[in-house]
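Have a look at the structure below, then the notes.
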Amino acid sequence: MSNFAEMASLEQKENGVDINVTGEVERQKVDAMLEQCNAGACSCCGPEFIEQLDGIGVEGQDGDVTIHVKGSVSKDVIAEKMSMCDCYGN
């Protein structure tokens with residue numbers, strides 16, 4: 001499991017999943033990670049997964065970042081993807 005996944009807590013929402021990351025998290029690195037995911041340039045978010053999404057938003061600052069994953073995805077799927085992800089900080 002990646003360090004990023006270990007810092008995160010997931011909350012299932014009606015229209016997706018919120019990922020709250022606290023601690024040693026940098027907003028700039030989260031933004032860069034999500035750019036890779038949106039472009040399909042990472043190994044964890046394949047085209048099938050991206051097609052399920054209506055969008056991804058980010059808010060917060062260093063030390064407390066929330067990622068809003070919108071679409072027909074579950075908390076379990078997000079947890080699985082995060083456990084495979086090595087995009088944070090790369």
Side-chain angles (χ1 to χ4, degrees):
M1 183 177 287
S2 72
N3 188 32
F4 184 79
E6 292 170 359
M7 294 185 289
S9 62
L10 307 177
E11 182 180 356
Q12 185 72 51
K13 298 288 192 172
E14 186 175 317
N15 61 345
V17 176
D18 280 356
I19 305 166
N20 185 255
V21 188
T22 58
E24 299 291 321
V25 60
E26 295 177 39
R27 169 67 189 261
Q28 183 178 1
K29 287 184 179 180
V30 172
D31 289 338
M33 176 185 73
L34 294 178
E35 284 180 30
Q36 289 183 49
C37 292
N38 282 327
C42 61
S43 61
C44 48
C45 300
E48 301 84 20
F49 175 72
I50 298 297
E51 288 174 7
Q52 297 176 19
L53 303 181
D54 295 329
I56 301 175
V58 182
E59 65 181 8
Q61 66 240 348
D62 291 354
D64 187 7
V65 175
T66 300
I67 304 167
H68 305 285
V69 181
K70 307 262 187 232
S72 53
V73 294
S74 72
K75 189 168 109 169
D76 293 338
V77 168
I78 297 295
E80 178 185 346
K81 297 295 180 188
M82 288 179 65
S83 72
M84 298 184 297
C85 186
D86 62 357
C87 300
Y88 181 75
N90 291 335

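What you see is a predicted model, and the numbers here were worked out from it, not measured in a lab.
- To the nearest 0.5 Å, the span separating CD on Glu6 from OG on Ser83 amounts to 11.0 Å.
- Gln28 and Asp62 get closest at one heavy-atom pair: N-OD1, 4.4 Å.
- One distance of note links CD1 of Ile67 with CD1 of Ile78; it measures 9.0 Å at 0.5 Å rounding.
- Here the straight-line distance linking atom CD of Glu59 with atom NE2 of His68 works out to 3.5 Å at 0.5 Å rounding.
- With values rounded to the nearest 0.5 angstrom, Met33 atom CE is found 7.0 Å from Met82 atom CE.
- Separating the NZ atom in Lys13 from the NZ atom in Lys75 is a distance of 11.5 Å, to the nearest 0.5 Å.
- Side-chain N or O atoms of Glu26 include none that pairs as donor or acceptor with a backbone N or O of Val30 at under 3.5 Å.
- To the nearest 0.5 Å, atom OG of residue Ser72 and atom CG of residue Asn15 are 11.0 Å apart.
- Minimum heavy-atom separation, Ser74 to Val17: C-CG2, 3.6 Å.
- Minimum interatomic distance between Gly71 and Asp54 (heavy atoms only, all atoms of both residues): CA-OD2, 3.5 Å.
- Of the possible polar contacts, one joining the Gln12 side chain to the Val73 backbone as a donor-acceptor pair under 3.5 Å is found.
- Side-chain atoms of Cys37 and Lys81, non-hydrogen and from C-beta on, never get closer than 4.5 Å to each other.
- With hydrogens and angles disregarded, a donor-acceptor distance shorter than 3.5 Å links the side chain of Arg27 to the backbone of Gly60.
- Closest approach of Val21 and Ala8 over heavy atoms only: CG2-CB, 4.0 Å.
- Residues meeting the side-chain contact (heavy atoms from CB on, under 4.5 Å) test with Asn20, sequence neighbours left out: Ser9, Thr22, Asp64, Thr66.
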